[in-house]
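The structure under discussion appears below in the form of structure tokens.
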Amino acid sequence: MIPSRTRTLRLRTSATMTAAVLCCGVGTPLASAQSVLPPAAAITAGTVPTAACGDALSPADLSRIAELSAPTAPDEYSLPFLEERARAAAEITEIFLSRNDRRAIFGIGLDLVESQAVLPLYRSSSAAGPGASGTIGNLPWATHLSTDLLEGYLAAVHAHVTGGAVPEHWQHYFELASDCAVPGGYAAMAGYNAHLTVDLARAVASSGTTPAEYGQYLEIVGAIADQGDAIVAGTQAEFDADLAPLWRLYFLGDAADAVTAQATGSTGIAPGDGHRLLLRAGDQGYSTVSFAHGLALADPATAEPAHASVRNTWLLADGALEALTAGKLL
């Protein structure tokens with residue numbers, strides 16, 4: 001669990017940063033945001049846990065997961081490379097599921113999103129050609145974004161199963177998934193929070209995203225949002241965990257309000273309007289915060305405060321999810 005004292009942290013994204021990023025951008029994105037970011041806090045996993053509420057993984061299982069998740073530098077950020085990495089993630093999920101291991105509880109949704117939303121969207125865009133109506137116009141940028149986002153999870157899995165240093169947002173997920181007393185919905189949402197709050201912002205930065213890509217970005221996250229019901233159903237079927245209440249509240253309720261009320265508090269939007277702000281943007285609202293964070297991370301002038309803001313946003317969302325879980329809303 002994250003210590004309660006961290007719940008006192010508040011999002012420090014200023015109105016000027018958020019508004020300026022969404023309107024006009026903040027400088028020129030770098031090829032890799034990592035070059036301007038302080039290192040992410042990490043926890044050395046030490047002994048690799050071989051089971052999480054299921055049967056123990058065999059040495060062969062751990063070896064295969066390590067092989068599949070090993071960091072890979074592409075020659076280019078192409079659709080075939082993204083498809084290859086998505087297959088690796090899906091095989092990792094299948095290995096966990098074969099042992100009834102709850103560390104698959106995020107992977108279930110990730111695999112659905114990749115196979116049913118992201119890859120079909122990109123394949124249709126590739127087949128139609130650049131500039132075709134209803135397609136992603138900048139496919140190389142989109143595949144770069146999605147690859148970097150996926151690699152954030154795969155790198156964390158690799159560190160987890162090899163005893164390496166796991167970033168704190170993913171270490172938190174692995175700890176919750178491995179604690180059988182923690183409701184499955186909360187454990188799963190810890191994975192989505194890590195993926196969409198931290199890794200998505202970093203992928204926006206590292207992929208060279210600019211404000212010009214905002215419309216295409218919304219198209220991508222909109223396709224992902226369409227898989228919400230399938231993700232809820234898949235999680236229920238595999239682990240008998242009802243994800244629906246926290247999923248809804250994360251994107252359109254109290255968990256998201258905790259973030260957007262802080263992010264918009266000094267823009268002239270009343271804190272109570274945070275919910276309406278998300279409703280106007282639909283399920284894409286929360287991802288808009290990550291887009292703004294990503295642009296800020298890519299600018300050396302704002303990278304350091306943006307890095308802190310991403311972490312605080314993650315903490316705020318997790319605190320809300322934990323509180324909602326404890327309140328028997330899950």
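Here the structure is a predicted model, which is why all the values come from computation and not from measurement. Sequential numbering from 1 along the given sequence is applied to the chain's residues.
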If we count only N and O atoms by modelled type, under 3.5 Å, do the side chains of Ser206 and Asp148 hold a donor and an acceptor together?
yes
Would you please test Tyr186 and Asp318 for side chain to side chain donor-acceptor pair (under 3.5 Å) and show each step?
CA-CA 9 Å; Tyr186 177 31; Asp318 182 75; 3.1 Å; yes
Applying side chain to side chain contact (heavy atoms under 4.5 Å, CB included) to Asp111 and not counting sequence neighbours gives Ala89, Ala90, Thr93
Are any side-chain N or O atoms of Gln227 and backbone N or O atoms of Leu112, one a donor and one an acceptor, separated by less than 3.5 Å?
no
Identify, with sequence neighbours excluded, every residue that meets side chain to side chain donor-acceptor pair (under 3.5 Å) alongside Thr143.
none
Under the salt bridge (Lys or Arg N to Asp or Glu O under 4.0 Å) test, which residues partner Asp101, sequence neighbours left out?
Arg103
Test: ring pair (Phe, Tyr, Trp, His ring centres under 6.0 Å). Region: residues 70-93. Which pairs qualify, not counting sequence neighbours?
Tyr77-His144
According to the salt bridge (charged side-chain N to carboxylate O under 4.0 Å, His left out) rule, which pairs have a member within residues 149-167, sequence neighbours left out?
Arg85-Glu151
Pairs satisfying salt bridge (charged side-chain N to carboxylate O under 4.0 Å, His left out), at least one member in residues 59-82, at least two apart:
Asp61-Arg99, Arg64-Glu67, Arg64-Glu91
Sequence neighbours excluded, the answer for side chain to side chain donor-acceptor pair (under 3.5 Å) partners of Ser69 is His158
Under a 3.5 Å threshold, yes or no: a donor from one side chain and an acceptor from the other, between Glu213 and Thr210?
yes
Hits for side chain to side chain contact (heavy atoms under 4.5 Å, CB included) against Glu83, two or more places apart or cross-chain, chain-then-number order -> Leu79, Pro80, Arg87, Leu119, Arg123
Can you name the residues that form a side chain to side chain donor-acceptor pair (under 3.5 Å) with Gln236, not counting sequence neighbours?
Asp240
Qualifying residues under side chain to side chain donor-acceptor pair (under 3.5 Å), relative to Glu114, sequence neighbours excluded:
none
With sequence neighbours left out, write down each residue that passes ring-ring contact (aromatic ring centres under 6.0 Å, His included) with Phe174, or none if nothing qualifies.
His160
Distance-only, no hydrogens or angles: does the Ser309 side chain make a donor-acceptor pair with backbone N or O of Pro305 under 3.5 Å?
no
If we count only N and O atoms by modelled type, under 3.5 Å, do the side chains of Tyr214 and Thr209 hold a donor and an acceptor together?
no
For Ser98, side chain to side chain contact (heavy atoms under 4.5 Å, CB included) partners two or more places apart:
none
So, His169 versus Asn193: side-chain donor-acceptor pair below 3.5 Å or not?
no
